[in-house]
Colleague: 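Would you mind keeping the following structure in view while I ask a few things?
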Amino acid sequence: MRLKSLLVPLAMAVFTGLAAPSVLAGPSGYPVQAPPQGIYTAGTVLVRIGAAYIEPDNKDVYEGTQSFLVEDPSGDVVGEVPVDVFTRVNLDDDTTWYISGVWLPIEHFGLELYFAADGSHDASLFSSARSEGAFVGDFSTGISDFDSYTTSLYANWYPMDPTCLIQPYVGIGVSYVDFEDEFIRPVFRAFGEEFGVLRLGSDFNWSAQVGVDFNFGRDNGWLINLSAMYVKSDPSLELGYDTTTQPAGFGESVVLPVRIRSDLDFDPWIINLGVGYRFSF
């Protein structure tokens with residue numbers, strides 16, 4: 001399931017909140033009632049906790065080709081033959097937990113600190129080789145399990161009247177994404193030996209979000225929150241593995257050392273569904 005499809009109902013919820021009237025005027029001749037008490041006023045604090053679904057914008061987070069010039073170890077082929085090795089790394093999605101806190105220094109504007117931890121992403125690798133346009137061989141394997149940690153700071157705008165129970169918002173800010181490896185599987189195994197290394201770094205970049213709070217009442221601090229975040233994240237990638245291939249005409253196979261240093265195109269979408277509590281100083 002792609003996260004883009006989940007943004008439609010979220011956007012509908014936000015626009016429903018924007019369309020809701022904030023104040024209903026009474027009929028002429030009746031006493032004017034006191035306006036309802038604001039709930040998103042200056043000094044309001046929101047604390048939320050819930051589930052976060054993290055999905056890379058493109059699960060193929062790296063694609064690249066490395067070229068080699070190789071000779072037949074058996075000596076049957078004279079000269080060097082070009083071999084191109086294509087590598088693709090895939091990261092899957094995961095559901096984890098998050099916690100966030102929001103403080104409104106003034107009406108309509110808030111600062112939010114968000115943290116999502118232990119997003120476990122299985123990594124897999126696909127490798128194929130071609131020599132002078134001819135297919136030589138390929139293989140694929142699971143290579144690692146990585147935990148992602150996302151910390152974000154947002155400046156949010158709440159366009160509705162502070163008295164409204166439905167409070168949509170949009171925010172923009174910065175995010176820091178870090179990866180930790182749980183375990184590394186061998187990329188290539190031969191005669192009991194293992195070859196392969198995979199490391200993911202961290203990245204500090206921009207982020208944006210849209211969300212909505214559904215408050216249970218003006219005198220009830222509990223609320224339900226739904227939000228969608230886009231996090232720009234290009235952590236460093238260090239990948240090395242040895243692959244065995246045998247171009248046409250070679251008497252023996254050759255081992256090609258693939259070594260990659262690049263950026264990972266992670267860029268996750270994060271859908272959050274949680275419960276929160278509102279209070280003020």
Colleague: For the hydrophobic clusters of this structure (ILVMFWY residues joined by side-chain heavy atoms under 4.5 Å, transitively), does one cluster hold both Trp222 and Val47?
Modeller: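 Hydrophobic grouping puts Trp222 with Val47.
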Colleague: Give me the atom names and distance for the closest heavy-atom approach of Val254 to Pro247.
Modeller: CG2-CD, 4.4 Å
Colleague: Supply the atom-to-atom distance Trp157 CH2 to His108 NE2, rounded to the nearest 0.5 angstrom.
Modeller: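 Trp157 atom CH2 to His108 atom NE2 measures 9.0 Å (nearest 0.5 Å).
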Colleague: Quick check: closest heavy atoms across Gly171 and Asn156, and the distance to 0.1 Å?
Modeller: CA-OD1, 3.3 Å
Colleague: Please list, chain by chain and in numerical order, all residues satisfying side-chain hydrogen bond (donor to acceptor under 3.5 Å, both in side chains) with Asn215, sequence neighbours excluded.
Modeller: Tyr40, Arg278
Colleague: Start with the C-alpha distance between Thr87 and Tyr241, add both sets of side-chain angles, then the distance that settles side chain to side chain donor-acceptor pair (under 3.5 Å), and finish with yes or no.
Modeller: CA-CA 10 Å; Thr87 302; Tyr241 67 96; 2.7 Å; yes
Colleague: Work out which heavy atom in Ser148 is nearest to a heavy atom in His121; give both atom names and the distance.
Modeller: OG-NE2, 2.9 Å
Colleague: Might you confirm whether atom CH2 of Trp206 has over 12 heavy atoms from other residues, nucleotides or ligands at distances under 6.0 Å?
Modeller: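 Yes - once you tally the heavy atoms of other residues, nucleotides and ligands closer than 6.0 Å, there are more than 12.
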Colleague: Given the rule in the salt bridge (Lys or Arg N to Asp or Glu O under 4.0 Å) test, do Asp203 and Lys232 qualify, once you have shown the distances and angles that lead to the verdict?
Modeller: CA-CA 9 Å; Asp203 188 42; Lys232 180 64 176 175; over 6 Å; no
Colleague: How close do Ala123 and Leu91 get, counting heavy atoms only, and between which atoms?
Modeller: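 Scanning both residues, the minimum pair turns out to be CB-CD2, 3.6 Å.
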Colleague: What verdict does the salt bridge (Lys or Arg N to Asp or Glu O under 4.0 Å) test give for Glu180 and Arg199, after you've listed the backbone C-alpha separation in whole Å, the side-chain angles of each residue and the deciding distance to 0.1 Å?
Modeller: CA-CA 9 Å; Glu180 292 184 3; Arg199 297 188 183 96; over 6 Å; no
Colleague: Minimum heavy-atom separation for Ser233 and Asp267, please, with both atom names.
Modeller: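 Between these two residues, the closest heavy atoms are N-OD1, 2.8 Å.
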Colleague: Just jot down the side-chain hydrogen bond (donor to acceptor under 3.5 Å, both in side chains) partners of Asn225, sequence neighbours excluded, or say none.
Modeller: Tyr169, Asp213
Colleague: Please step through ring-ring contact (aromatic ring centres under 6.0 Å, His included) for the pair Tyr98 and Tyr114, ending with a clear verdict.
Modeller: CA-CA 7 Å; Tyr98 82 93; Tyr114 171 94; 5.4 Å; yes
